[in-house]
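Everything below concerns the one structure shown next.
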Amino acid sequence: MKTERCILHSDLNNFYASVEMLRHPELREKPLAVCGSMEDRHGVVLAKNGLAKAMGVKTGEVFWQAKKKCPALERVTADFPAYLRVSEKVRAVYDRYTDLIEPFGIDECWLDVTASRDLFGSGRKIADEIRETVKREFGVTVSVGVSWNKIFAKLGSDMKKPDAVTEITPENYRETVWRLPAADLLFVGAATAKKLSFMGISTIGDLANADEDRLVSELGKWGSTLHRYARGEDDSLVRPRGETREAKSIGNSLTCYRDLVNEDEVRILMILLSDSVAARLSETDLGRARTVKITVTDNELRHYGKQGKLERPTRSGKEIADCAMKLFREVYPWRLPVRAVGVSVCDFSLGAEQLDLFSDYRKEERAEKLDAAIAKLRGKYGNLAVQRGTVLKDKRLADLDVKGAHIIHPDGGYEGK
Amino acid sequence: MEYRKVCVEILARFSRYGGIRPVEVVWEDGRRFPVDKLKYIEQAPARVSAILPVRYTCMMGGRERRLYYEPEKERWFVEVEG
């Protein structure tokens, strides 16, 4: 177990509610729920403050349910741009101590301060300075966990709330981390926790001391990973988001057999290209893409390009295509027919993202499941087996196998790790 | 002690090197209060409704006063007792 690194996990306490209490200081002493859209009284609780939490209000429940548990409950509508602004300001504070910052959702970050200690003092001292600074400058609080690995650092930040620093050391982890329920371990969900309990494993300590082979036989490779996490042996790096932005993109472009003269024809190509990009993206572990870039070439070889951010990160061909078409309409003046079109995505989110409770994640899940099913069928029967209705309109376009064919000019590439 | 937020008209100077400095507060009744000296500029929360205000601690009329600037609203406010 290598313990040379020093990792911090900083977690903004009751984040949305805390920001709203800055906007509504009169609500500080009252139980408060921050809810999504309030039309037709179906607002869902996205966050609550300490007083509401104490009354049993839970994130994810509908407001009227929460109000039954807590009749004095106040509510405000969520203002996501404001939370983003505050989150960026808080990250700027982290940046004073290290550039190795990995965001985990809007309110959590890992910081690698191993090298920063030479300048700023011990991990604990840095954590404490950050905690004080965030409170002093913004009036919101963080809980910070300090340890030699990301997993224990995150468990540490959960231990004392609000406005606290917890250090997990090689001397104390058995008394602190190992006593916690196994379900508290990062990425252990209800299903895994259940399986573990059937194996007689209820605490993280049980998991750490369990036989690794037995864990692998019950949980597969994941069992081995969890075993490592529980023992403080996770060596995953803190990966700054900026690292992914410049390095990689996945794209395809296509020069059609004939020039395209209207938007419908361009859409067919955009859909083919977007599907292909989505398929390639899902074969990597880059996660979801945040930005779409299109290139258009007219028949006098003049080039147009535009890029835009997706409403939220996606892996779905349909969402990429919708965005690509929107960009196309914004940039192309239609003075001449289109000769070639390219679609690429970049700015990926690695790993798990916090579920954005604003969006209809069920819709996105369905789109993803659809994409996955299509990919499976295509894998079995060839890429032409499943095609969108619009594509079948032009038989010759439909016969273009974008992913597999040789007429494609791959634009920007994905270099495997 | 209760405070209320009063948005005020401010005359400010933009330095050629960047940065905003309040020069004068123009009160709603027309009275003008010059800022004699700027002591600190800091990111600091207010006691009234504001999310990421910048606090300008100034000397005005021999007393220390706080002027707050809200960048995304491009406006200034003060906290008034009562």
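Chain identifiers are assigned alphabetically (A, B, ...) following the order of the sequence lines, protein sequences preceding nucleic acid strands; residue numbering begins at 1 within each chain.
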Could you check whether any side-chain heavy atom of B:Q43 comes within less than 4.5 Å of a side-chain heavy atom of A:K89, counting everything from C-beta outward?
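The answer is yes, as the side chains (C-beta and beyond) meet within the 4.5 Å cut-off.
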Identify which part of A:R23 has an atom lying under 4.5 Å from any heavy atom of chain B, answering side chain, backbone, both or neither.
both
To the closest 0.5 Å, what do you measure between CD (A:E20) and OG (B:S49)?
9.5 Å
Can you establish whether the number of heavy atoms outside [X] located under 6.0 Å from its atom [atom1] is more than 12?
{"X": "B:E64", "atom1": "CD", "value": "yes"}
{"X": "B:K5", "atom1": "NZ", "value": "yes"}
{"X": "A:E29", "atom1": "CD", "value": "no"}
{"X": "A:K161", "atom1": "NZ", "value": "yes"}

Pick one of side chain, backbone, both or neither for [X], based on which atoms fall under 4.5 Å of a heavy atom in chain A.
{"X": "B:R55", "answer": "neither"}
{"X": "B:V48", "answer": "backbone"}
{"X": "B:I51", "answer": "both"}

Under the criterion side chain to side chain contact (heavy atoms under 4.5 Å, CB included), I'd like the reasoning laid out for B:E72 against A:R85: C-alpha separation, chi angles, the key distance, then a yes or no.
CA-CA 10 Å; B:E72 74 277 1; A:R85 279 203 309 272; 3.2 Å; yes
